[in-house]
Amino acid sequence: MMTNSTQVSYFILDAYFNIGLTKYLLFILLMGLYSLILLANVFLIVVICMNRSLREPMYMFLCSLFVNELYGSTSLFPFLLIQILSDVHAVTNFFCFLQIYCLYTYAGAEFSILAVMSYDRYLAICHPLQYHTQMKSNKVNVLIALSWIYILLLTVMTVSLSSTLQLCGNIINKVYCDNYSIIKLACTETMIINIYGLVVTFFAVLVPVFLIIYTYIRILKVCFLGSKQTRQKAISTCTPHLASLLNFSFGTCFEVVQNRFNMSSVPNVLLIFLSLYWLICQPLFNPLLFGLKISKILNICRSIFCSKVFKRIKT
């Protein structure tokens with residue numbers, strides 16, 4: 001362990017490398033991707049909020065999910081775009097920990113919102129007669145609030161502990177700020193932070209995932225014993241939810257593997273892409289997936305698009 005500690009005022013992101021004029025093309029591509037993410041998520045949020053037929057619990061939870069995609073992508077893309085055009089890839093201490101807080105709360109909120117959505121599907125499929133009495137608007141609001149608040153509070157302690165560490169360096173081998181990379185720079189004992197990190201991982205990731213697994217076991221049981229209509233309803237509403245969970249889990253699992261194990265044999269470009277996968281693909285994947293797979297949303301989107309096309313033709 002290194003012993004010469006210093007007061008770090010900024011961090012250097014060492015994963016960036018010189019790509020010449022190609023950086024302008026990369027900037028345009030990422031700017032286009034970010035614009036598409038903003039457009040898709042904002043459009044679906046407006047569609048859900050403006051249509052009374054979508055004032056149901058499932059769509060309110062989807063709205064919360066799309067808000068989280070906006071939050072997560074905005075925590076990364078503006079920062080990434082600035083760094084791509086910059087010759088010096090440095091970030092101040094404050095903004096580095098702010099980004100860590102935003103990205104970690106995004107990840108935690110993603111799992112907790114998906115868990116709440118699985119609970120909603122469990123009630124709708126397994127207890128359809130009691131669904132509307134159990135999922136009243138007040139309960140929906142409480143579930144949405146809890147899915148955000150407890151993650152926000154858990155992450156505050158994580159970032160606070162990391163920010164007090166005495167560091168022996170300021171070089172992070174990433175294209176964005178990462179909590180575990182900072183912990184590896186510590187000169188002092190990090191056992192307390194590591195234990196707290198495991199506790200946070202348990203409550204922020206494992207508890208929601210266990211809840212999702214439990215609810216889907218119950219849903220599958222009902223589907224096998226139920227009618228064809230019940231199975232069709234389950235498939236139409238649960239497939240995009242499961243696809244979203246698997247996609248995000250893959251991205252976060254690779255991020256954990258990359259942090260914990262030696263990845264020097266993996267090409268640098270591939271490492272960068274896979275470390276960004278959970279932050280870039282999920283915010284675009286979710287609105288496209290839910291927008292295309294859930295018939296009610298798709299039909300409203302089609303009617304909006306067709307009415308605008310018809311008006312243009314008419315004028």
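Please read all numbers here as calculations on a predicted model, not as lab measurements. Here, residue 1 is the first one in the sequence, and each next residue gets the next number.
When atom types are taken as modelled, the side chain of T74 and the backbone of Y71 share no donor-acceptor pair closer than 3.5 angstrom. In this structure, the side chain of N141 engages the main chain of S137 through a donor-acceptor pair within 3.5 Å. Without hydrogens or angle criteria, S73 side chain to L70 main chain gives a donor-acceptor distance under 3.5 Å. Of the possible donor and acceptor atoms, none in the side chain of S86 sits under 3.5 Å from a partner among the backbone N and O of I82.
For the pair I172/C96, a side-chain contact is recorded, criterion being any heavy-atom separation below 4.5 Å from C-beta on. The shortest distance between side-chain heavy atoms of V116 and D120 does not fall below 4.5 Å. Residues I272 and F17 form a side-chain contact, since some pair of their non-hydrogen atoms from C-beta on lies under 4.5 Å apart. Between F11 and I171 there is no side-chain heavy-atom pair separated by less than 4.5 Å. Residues K23 and Y16 form no side-chain contact, since every pair of their non-hydrogen atoms from C-beta on lies 4.5 Å or further apart. Here the side chains of L103 and N179 are not in contact, with every heavy-atom distance at 4.5 Å or above. Side-chain contact between L29 and L25 is present, with heavy atoms from C-beta onward closer than 4.5 Å. Under the 4.5 Å side-chain criterion, counting only non-hydrogen atoms from C-beta, Y104 is not in contact with I151.
Contact detail for S147 and S112: the closest heavy-atom pair is O-OG, 2.7 Å. Nearest heavy atom pair, residue N68 against residue A109, reads OD1-CB, 3.5 Å. What you find for Y10 and A90 is that their closest heavy atoms are CD1-CB, 4.1 Å. In this structure, T164 and L161 approach most closely via the heavy-atom pair OG1-O, 2.8 Å. Across F61 and M117, no two heavy atoms sit closer than the pair CB-CG, 3.6 Å. The shortest heavy-atom contact between G291 and I297 is CA-CG2, 4.0 Å.
Side-chain atoms of S244 and Q282 form a donor-acceptor pair, as typed in the model, at a separation below 3.5 Å. Donor-acceptor pairing under 3.5 Å is recorded for the side chains of E69 and N286. A donor atom on one side chain and an acceptor atom on the other are not found under 3.5 Å apart for Y176 and S275.
The hydrophobic cluster containing I149 does not contain V159, counting ILVMFWY residues as joined when their side-chain heavy atoms lie under 4.5 angstrom apart, directly or transitively. Criterion: ILVMFWY side-chain heavy atoms under 4.5 Å apart, direct or through other members. Under it, Y180 and L13 are not part of a common hydrophobic cluster. The same ILVMFWY cluster, assembled from side-chain heavy atoms under 4.5 Å apart, contains both I48 and M50. Using a 4.5 Å cut-off between side-chain heavy atoms of Ile, Leu, Val, Met, Phe, Trp and Tyr, with links allowed through other members, V269 and I84 fall into the same hydrophobic cluster. Clustering ILVMFWY residues whenever any of their side-chain heavy atoms sit less than 4.5 angstrom apart, transitively, puts V256 in a cluster other than the one holding L271.
Annotation: the span from E56 atom CD to H132 atom NE2 amounts to 6.5 Å, rounded to 0.5 Å. To the nearest 0.5 angstrom, S162 atom OG is 10.5 Å from M157 atom CE. N41 CG to L36 CG: the interatomic distance, rounded to the nearest 0.5 Å, is 9.5 Å. In this structure, the separation between CE on M60 and CG on L62 is 9.0 Å, given to the nearest 0.5 Å. T105 contributes atom OG1, which lies 11.0 Å from atom CG of L154 (distance to the nearest 0.5 angstrom). Atoms CD1 and OH, on I212 and Y119 in that order, are 14.5 Å from each other to the nearest 0.5 Å.
Counting non-hydrogen atoms of other residues, nucleotides and ligands closer than 6.0 Å to CG of L85 gives a total above 12. Heavy atoms from other residues, nucleotides or ligands lying under 6.0 Å from NZ of K221 number 12 at most. Residue H127 qualifies as enclosed at atom NE2: its count of foreign heavy atoms under 6.0 Å is above 12.
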Requested in this report: Applying side-chain contact (heavy atoms from CB on, under 4.5 Å), run through W148 and S64 and close with a yes or a no.
Outcome: CA-CA 9 Å; W148 282 86; S64 178; 3.0 Å; yes

Problem - side-chain contact (heavy atoms from CB on, under 4.5 Å) assessment of Y106 paired with S75 - result: CA-CA 9 Å; Y106 160 70; S75 302; 5.6 Å; no

Q.
Checking F290 against L65 for the side-chain contact (heavy atoms from CB on, under 4.5 Å) test, could you report, in this order, the C-alpha distance in whole Å, the side-chain angles of both residues, the deciding distance, and whether it holds?
A. CA-CA 11 Å; F290 287 104; L65 187 69; 3.7 Å; yes

Open item on the list: If you apply the rule side-chain contact (heavy atoms from CB on, under 4.5 Å), what do you find for I100 with I182, and how did you get there?
Closed with: CA-CA 10 Å; I100 290 169; I182 291 175; 3.4 Å; yes

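The aromatic rings of F250 and Y277 sit perpendicular, their planes meeting at an angle over 60°, well past the 30° parallel limit.
Applying the ring-ring contact (aromatic ring centres under 6.0 Å, His included) test to every pair with at least one member in residues 25-53, sequence neighbours left out, gives these pairs: Y34-F77. Applying the ring-ring contact (aromatic ring centres under 6.0 Å, His included) test to residues at least two apart or on different chains, the pairs with a partner in residues 190-218 are Y216-H241.
Residues that satisfy the side-chain hydrogen bond (donor to acceptor under 3.5 Å, both in side chains) test with Y101, not counting sequence neighbours, are absent from this structure.
Checked against a 6.0 Å centroid threshold, the rings of F248 and F285 do not count as neighbours.
Looking at D178 and K184, no side-chain N of the basic residue comes within less than 4.0 Å of a carboxylate O on the acidic one, giving no salt bridge.
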